[in-house]
Amino acid sequence: MTAQADRRLFDDRGHRTDAGYVVTVPVRWSDMDVFQHVNHARMVTLLEEARIPWLFYDDKPTAPMRQGCLVADMHVKYQGQIRHDESPISVTMYVQRLRAVDFTVGYEVRPHGASPDSKPAVVASTQLVSFDIDTQRPRRMTTEEKAYLSEFVRP
């Protein structure tokens with residue numbers, strides 16, 4: 001297997017930085033549009049894939065949200081292009097707003113090898129609501145969930 005292929009086929013659990021939580025996500029050939037850029041719908045999926053190790057792995061205080069967490073709002077802004085050969089993308093995530101039942105995740109997406117200080121190719125946000133599936137209503141986040149998320153609040 002080549003070094004190029006090695007860097008695309010792995011499971012990145014992510015890591016903390018001063019800027020937030022960073023996860024690298026491989027870009028699949030099927031993520032491209034006819035112009036060889038990441039397709040918009042696929043970019044939304046890649047952002048979702050980046051959130052999983054940060055919020056929903058068993059060792060995270062927010063893991064119980066796997067039972068109920070809804071997307072209430074999402075915005076994606078493209079400031080540059082991401083191409084298949086720039087995989088894996090680097091996704092930096094942080095909390096823009098934290099309330100009792102919801103929080104807003106901010107994203108900065110950069111191509112492989114880009115400096116963390118460089119201008120992101122994509123900036124996005126997703127408002128997530130903690131939800132009780134049984135009652136079909138939003139639920140207040142636990143103290144542990146809010147404490148974990150508050151570690152990533154960025155002004």
Side-chain angles (χ1 to χ4, degrees), residues 7-28 31 37-83 86-155:
R7 74 171 196 212
R8 294 184 188 169
L9 303 173
F10 62 92
D11 178 25
D12 182 11
R13 294 185 61 85
H15 62 279
R16 281 179 200 256
T17 69
D18 290 341
Y21 198 86
V22 180
V23 175
T24 54
V25 181
V27 177
R28 296 168 295 268
D31 294 336
H37 304 109
V38 173
N39 171 284
H40 171 71
R42 303 303 278 185
M43 178 56 69
V44 170
T45 299
L46 294 169
L47 295 174
E48 178 181 21
E49 289 175 8
R51 278 195 314 264
I52 292 169
W54 178 39
L55 299 175
F56 302 126
Y57 277 8
D58 287 339
D59 62 337
K60 306 298 183 193
T62 48
M65 286 187 194
R66 290 186 305 222
Q67 304 305 312
C69 188
L70 304 178
V71 173
D73 190 40
M74 178 168 219
H75 298 270
V76 181
K77 181 178 178 184
Y78 298 91
Q79 302 181 137
Q81 51 184 310
I82 299 279
R83 302 172 62 87
E86 296 173 315
S87 179
I89 57 173
S90 176
V91 182
T92 302
M93 297 164 288
Y94 55 95
V95 174
Q96 292 178 326
R97 185 169 81 173
L98 178 59
R99 300 189 311 177
V101 299
D102 70 305
F103 60 103
T104 302
V105 176
Y107 307 85
E108 296 175 350
V109 180
R110 293 176 177 84
H112 178 75
S115 167
D117 315 8
S118 65
K119 179 179 178 180
V122 178
V123 291
S125 65
T126 305
Q127 180 188 13
L128 298 171
V129 178
S130 181
F131 198 76
D132 184 321
I133 296 297
D134 294 332
T135 64
Q136 290 293 296
R137 306 183 125 228
R139 73 160 175 87
R140 288 190 176 277
M141 286 183 274
T142 66
T143 302
E144 294 80 16
E145 290 167 340
K146 286 187 78 171
Y148 177 68
L149 293 169
S150 69
E151 295 173 20
F152 298 96
V153 172
R154 197 199 290 179

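Tyr21 approaches Trp54 most closely through the heavy-atom pair CG-CD1, 3.2 Å. Counting all heavy atoms, side chain and backbone alike, Ile82 lies closest to Val109 at CD1-CG1, 4.3 Å. Contact record, Val23 with Gly14: CG2-CA, 3.8 Å, taken as the closest heavy-atom pair. Residues Ser87 and Val25 share a closest heavy-atom pair of OG-O, 4.3 Å.
Atoms CD and NZ, from Glu151 and Lys146 in turn, are 14.0 Å apart once rounded to the nearest 0.5 Å. From Leu55, atom CG reaches atom SG of Cys69 across 7.5 Å, with rounding to the nearest 0.5 Å. Annotation: the span from Thr104 atom OG1 to Leu128 atom CG amounts to 7.5 Å, rounded to 0.5 Å. To the nearest 0.5 Å, atoms CG (Leu46) and OH (Tyr107) are separated by 11.5 Å. Rounded to the nearest 0.5 angstrom, Met65 CE and Tyr148 OH are separated by 10.5 Å.
With sequence neighbours excluded, no residue forms a side chain to side chain donor-acceptor pair (under 3.5 Å) with Asp134. The side-chain contact (heavy atoms from CB on, under 4.5 Å) test applied to Thr143 returns no partner, not counting sequence neighbours. For the salt bridge (charged side-chain N to carboxylate O under 4.0 Å, His left out) test, residues two or more places apart in sequence or in another chain that qualify with Glu108 are Arg110, Arg154.
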Can you list the steps and then say if His15 with Thr17 is a side-chain contact (heavy atoms from CB on, under 4.5 Å)?
CA-CA 7 Å; His15 62 279; Thr17 69; 3.6 Å; yes

Does Gln96 form a side-chain contact (heavy atoms from CB on, under 4.5 Å) with Phe103? I'd like the steps, not just the answer.
CA-CA 7 Å; Gln96 292 178 326; Phe103 60 103; over 6 Å; no

Hey, mind stepping through Ser90 and Val22 against side-chain contact (heavy atoms from CB on, under 4.5 Å) and telling me if it holds?
CA-CA 7 Å; Ser90 176; Val22 180; 3.5 Å; yes

Please test Asp58 against Arg66 for side-chain contact (heavy atoms from CB on, under 4.5 Å), starting from the C-alpha separation and ending with a verdict.
CA-CA 10 Å; Asp58 287 339; Arg66 290 186 305 222; 2.7 Å; yes

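By the 4.5 Å heavy-atom criterion applied to side chains, Arg13 and Asp59 are counted as neighbours. For the pair Tyr78 and Met43, the minimum side-chain heavy-atom distance is below 4.5 Å. Looking at Val27 and Glu86, their side chains never come closer than 4.5 Å, going by heavy atoms from C-beta outward. For the pair Ser150 and Leu98, the minimum side-chain heavy-atom distance is below 4.5 Å. Between Thr24 and His112, the closest side-chain pair of non-hydrogen atoms is not below 4.5 Å.
A salt bridge does not link Asp132 with Arg139: none of the charged nitrogens is closer than 4.0 Å to a carboxylate oxygen.
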